> 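My questions all concern the structure below.
Residue numbers start from 1 in every chain, and the chains themselves are labelled A, B, ... in the order their sequence lines are given, proteins ahead of strands. The structure presented is a predicted model; accordingly, all values stated were derived computationally and were not measured.
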Amino acid sequence: MKNLILEKIVTLFLYIMVGFAFFLLFRGHNRPGGGFIAGIIASAGFLLYGIVFGSEKVLEKLRTNPRYIIGSGLLISFIATILPMMFGNPPLTGMWFDVAGLYLGSPLLFDIGVFVLVFGVIVSIFTNIMDVLKWNS
Amino acid sequence: MENADLFLKNAALIALYIFSLSLIFPFFRLFKGPTLPDRIVALDQIGVIIIGMMICDVLYAREKLLLDVVLVVAFILAFGSMIIARYLYKQKKEQ
């Protein structure tokens with residue numbers, strides 16, 4: 001069954017959700033927000049997209065296997081963990097750098113890793129469930 | 001200025017009471033509802049009333065951060081009921 005209005009609105013909604021997730025991701029650590037919530041909101045956008053279009057379209061949109069997304073999230077968090085050890089600090093110490101006027105730190109890198117990890121886990125779970133239950137429209 | 005602030009706070013508080021009273025009717029329909037579409041419409045109505053209560057709380061407590069929660073809940077609520085309705089339609093056509 002094709003529904004033109006639902007398809008167009010869900011495509012628009014996907015971009016709004018991912019943009020809002022990035023907003024929450026960069027607002028985290030000082031105010032409400034952070035990697036976990038941003039990952040859940042971005043994957044909710046992809047979940048609605050998958051319910052309307054089917055799980056193959058979600059995998060086409062991501063252009064990669066969700067397993068690689070999980071692995072890259074773990075790698076980014078690992079880099080944020082061992083980065084302070086190279087400067088002689090204990091692991092997971094917060095380090096802050098002044099990059100082109102922006103005050104960025106290693107907690108932001110850790111949050112980005114958590115975001116990518118949670119996003120990959122939820123997308124892989126729901127695409128597998130939709131494949132097993134044959135929920136593809 | 002302070003007078004207007006007090007008026008807004010009291011209006012938000014009264015609206016909050018009325019919203020919480022009006023939450024009874026959709027819950028009644030949710031538990032009694034003879035068919036599945038009745039229950040889905042009742043759930044949607046509960047969500048809309050809760051969004052209204054959150055906005056009243058934003059006005060009362062001056063906490064702007066809850067507006068983000070309102071945004072996400074409204075999006076997911078609208079699309080959730082739309083998609084459940086789509087599956088009900090599909091199920092009815094298959095029978």
> Report whether Leu23(B) and Phe25(B) are members of the same hydrophobic cluster (ILVMFWY, side-chain heavy atoms less than 4.5 Å apart, transitive linking).
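Result: no, two separate clusters.
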> Using a 6.0 Å cut-off, check whether atom CG of Leu21(B) has over 12 heavy atoms from anything other than its own residue.
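Buried by this count: over 12 neighbours within 6.0 Å.
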> Out of curiosity, does Ile69(A) fall in the hydrophobic cluster containing Ile125(A) (side-chain heavy atoms, cut-off under 4.5 Å, transitive links)?
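Same cluster.
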> Is Met86(A) reachable from Phe78(A) through a run of hydrophobic residues whose side-chain heavy atoms are each under 4.5 Å from the next?
yes
> Sort by residue number and list every member of residues 44-80 of chain B having a non-hydrogen atom under 4.5 Å from chain A.
Leu65(B), Asp68(B), Leu71(B), Val72(B), Phe75(B), Ile76(B), Phe79(B)
> Can you get from Val116(A) to Leu74(A) by hopping between Ile, Leu, Val, Met, Phe, Trp and Tyr side chains that sit under 4.5 Å apart?
yes
> Are Ile79(A) and Ile76(A) connected into the same hydrophobic cluster when the rule is that any two of I, L, V, M, F, W, Y join if their side-chain heavy atoms are below 4.5 Å apart?
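Ile76(A) and Ile79(A): one cluster.
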> Say you draw a straight line from CD1 of Ile51(A) to CE of Met82(B); how long is it, rounded to the nearest 0.5 Å?
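Nearest 0.5 Å value for the CD1-CE distance: 12.5 Å.
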> Which answer fits Leu47(A), side chain, backbone, both or neither, if we ask what part of it has an atom under 4.5 Å from a heavy atom of chain B?
neither
> Looking at Phe36(A), I'd like to know if its CZ atom is crowded, meaning that more than 12 non-hydrogen atoms belonging to other residues, nucleotides or ligands lie closer than 6.0 Å.
no
